[in-house]
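I have placed the structure first, in the form of structure tokens, so that the comments after it can refer back to it.
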Amino acid sequence: MNPLSHAIRACVLTLAIPTFVTPLSAQITTRPSVRAGDSMVAQTGPGYADLADLVLSAPVIADVTIRSATAIKGAEAVGVAPGHQRFYVEADVGTLIRGAGGLPARVGYLFDAATDARGRAPKLKKMRVLIYARRVPNAADQLQLVAPDAQLPWAPDIEQRSRTIARDALSPDAPPVITGVGNAFYVAGSLPGEGETQIFLTTANNRPVSLSVLRRPGEERRYAVALSEIVDESAAPPARDTLLWYRLACALPESLPDHSTASLSPEDAEAARDDYRFVLQKLGPCGRERQMPTASN
């Protein structure tokens, strides 16, 4: 079968299936990955949030080398974003970073490459890349990228960070997906300026997550995140570019919802809202620059 026939086949297979997100329960290769703080490799590629979006949406992550790339035009290129060119790519699989059941030695998939100012696409042949994908049913050698451009130039740092995110997400104590904000409470202390706010979050699996903010006279305001029913001394703010930080920074709304403070006095409600703003300030922006993979893209 010639490359164009492969391309048409891949288009039909890819566009015909629903783009669902598979639960993060697939196999990860057991090669040790470097934990945060252990690496001397300079960070490259997307920021943590963008990379986490790809990793957490991808049942298959592989290090591959592109063998051929055939430009797709006409009806098979419907939906390509401006400034992009669609290709049918055939690639030789090097290392399977994540993916239960393994992969064939060669796989095919569609990829929308960004073009330059002159409308020219990059030369893809022989490029070593990382792909973030899901399987096409009944086609073992075909994959569907979790986003049209979910292919990144391979770099040690990007592979390492992808492994770390996938490993952290599969950990028994992995932080749950945050779905919203529940009730908030504020208790004033006995001294002027003393008080504590506790804000309960809602999660996809109903696991408890709460934010607590402590105010003490003469001390800097402090906050912590608890992943259990009890907030103890071990609770602390999450380190930036960790899965817990990502869950919070990329999911919490910009302001405390009115329903969260409905049972509080106006003064206590304002204190809780101020403490919530303090938490968001300390977390910092999510920093997402790519469109998050969804059922529509």
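Just so you know, residue 1 is the first one in the sequence shown, and it goes up from there.
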Query raised in the report: Under the 3.5 angstrom rule, does the side chain of Q85 hit a backbone N or O of I72 as a donor-acceptor pair?
Result: yes
Query - Donor on one side chain, acceptor on other, S162 and Y132, under 3.5 Å - result: yes
Query raised in the report: Which heavy atom of L264 sits nearest a heavy atom of A184, and at what distance?
Result: CD1-O, 3.6 Å
Query raised in the report: Quick one: are Q151 and I66 in side-chain contact, heavy atoms under 4.5 Å?
Result: yes
Query raised in the report: Quick one: CG on D92 to OG1 on T65, what's the gap to the nearest 0.5 Å?
Result: 6.5 Å
Requested in this report: For the residue pair T242 and D168, establish whether any side-chain heavy-atom pair is separated by less than 4.5 Å.
Outcome: no
Query raised in the report: To the nearest 0.5 Å, how far apart are CZ in R106 and CG in D141?
Result: 10.0 Å
Report task. Sequence neighbours left out, what pairs pass side chain to side chain donor-acceptor pair (under 3.5 Å) with at least one residue falling in residues 120-131? Result -> D63-R128, D116-R120
Query raised in the report: If you look at every heavy atom in F278 and R222, which pair is closest and at what distance?
Result: CE2-C, 4.2 Å
Requested in this report: Before giving the answer on side chain to side chain contact (heavy atoms under 4.5 Å, CB included), spell out for R135 and L103 the whole-Å C-alpha distance, their side-chain angles and the decisive distance to 0.1 Å.
Outcome: CA-CA 10 Å; R135 301 175 190 275; L103 284 177; 3.4 Å; yes
Query raised in the report: Is there a donor in the side chain of Y186 and an acceptor in the side chain of E270, or the other way round, less than 3.5 Å apart?
Result: no
Requested in this report: Please report the shortest heavy-atom distance between V55 and I165, naming the atom on each side.
Outcome: CG1-CG2, 3.8 Å
Query - Nearest-0.5 Å distance, OG1 of residue T261 to CG of residue N183 - result: 9.5 Å
Query raised in the report: Do you see a donor-acceptor pair shorter than 3.5 Å between the side chains of Y246 and D241?
Result: no
Query raised in the report: Going by an N to O cut-off under 4.0 Å, is there a salt bridge joining R290 and D50?
Result: no
Query raised in the report: Does L211 share a hydrophobic cluster with F185, counting links as ILVMFWY side-chain heavy atoms below 4.5 Å and allowing steps through other members?
Result: no
Requested in this report: Establish whether Y276 and L214 are linked, either directly or via other cluster members, by ILVMFWY side-chain heavy-atom contacts under 4.5 Å.
Outcome: no
**Report entry** Considering all heavy atoms, the nearest A169-A174 contact
**Finding:** O-CB, 3.6 Å
Query raised in the report: Can you find a pair of side-chain heavy atoms, one from R215 and one from D275, that are under 4.5 Å apart?
Result: yes
Report task. Look up atom OH in Y48 and atom CZ in R161, then write down how far apart they are to the nearest 0.5 Å. Result -> 9.5 Å
Query raised in the report: Is any NZ, NE, NH1 or NH2 atom of the basic residue among E220 and K282 found under 4.0 Å from an Asp or Glu carboxylate oxygen of the other?
Result: yes
Query raised in the report: Taking H259 for the side chain and P257 for the main chain, is one N or O donor matched with an acceptor at less than 3.5 Å?
Result: no
**Report entry** Pairing residues for S190 by the side chain to side chain contact (heavy atoms under 4.5 Å, CB included) criterion, not counting sequence neighbours
**Finding:** E194
Query - Close side-chain approach of R86 and L110, heavy atoms under 4.5 Å - result: yes
**Report entry** V181/L256 under side chain to side chain contact (heavy atoms under 4.5 Å, CB included): CA gap, chis, key distance, verdict
**Finding:** CA-CA 8 Å; V181 181; L256 193 62; 3.7 Å; yes
Query raised in the report: Going through the checks in order, is the side chain to side chain contact (heavy atoms under 4.5 Å, CB included) test met by V60 and L96?
Result: CA-CA 8 Å; V60 175; L96 181 61; 4.2 Å; yes
Query raised in the report: Is it true that the side chains of T179 and T202 contain a donor and an acceptor less than 3.5 Å apart?
Result: yes
Report summary line: Closest heavy-atom pair, P285 versus W245, reported as atoms and distance to 0.1 Å, is O-CZ2, 3.4 Å
Report task. For side chain to side chain contact (heavy atoms under 4.5 Å, CB included), just list the numbers for V279 and V213, CA-CA rounded to whole Å, side-chain angles, deciding distance to a tenth of an Å, and then say yes or no. Result -> CA-CA 8 Å; V279 171; V213 182; 3.6 Å; yes
Report task. Kindly work out whether a path of hydrophobic side-chain contacts (I/L/V/M/F/W/Y, heavy atoms less than 4.5 Å apart) joins L283 to F200. Result -> no
Query - Polar side-chain atom of S57 near backbone of D53 as donor-acceptor pair, under 3.5 Å - result: yes
**Report entry** 4.5 Å side-chain heavy-atom contact, L248 and P238
**Finding:** yes
Query raised in the report: Quick one: do V80 and V146 end up in the same hydrophobic cluster if we chain Ile, Leu, Val, Met, Phe, Trp and Tyr together by side-chain heavy atoms under 4.5 Å apart?
Result: no
Query raised in the report: CD/E254 to CG/L280 distance, rounded to the nearest 0.5 angstrom?
Result: 8.5 Å
Query raised in the report: In Å, rounded to the nearest 0.5 Å, how long is the span from CG of L152 to CD1 of I131?
Result: 10.5 Å
Requested in this report: Would you mind reporting whether V177 and T203 have side-chain heavy atoms less than 4.5 Å apart?
Outcome: no
Report task. Can you see which heavy atom on L130 is nearest to which on E159, and at what distance? Result -> CD1-N, 3.7 Å
Query raised in the report: Can you tell me if T197 uses its side chain to pair, donor with acceptor, with the backbone of S212 under 3.5 Å?
Result: no
Report task. Flag the pair D274 and R221 as a salt bridge only when some basic side-chain nitrogen lies within less than 4.0 angstrom of an acidic carboxylate oxygen. Result -> yes
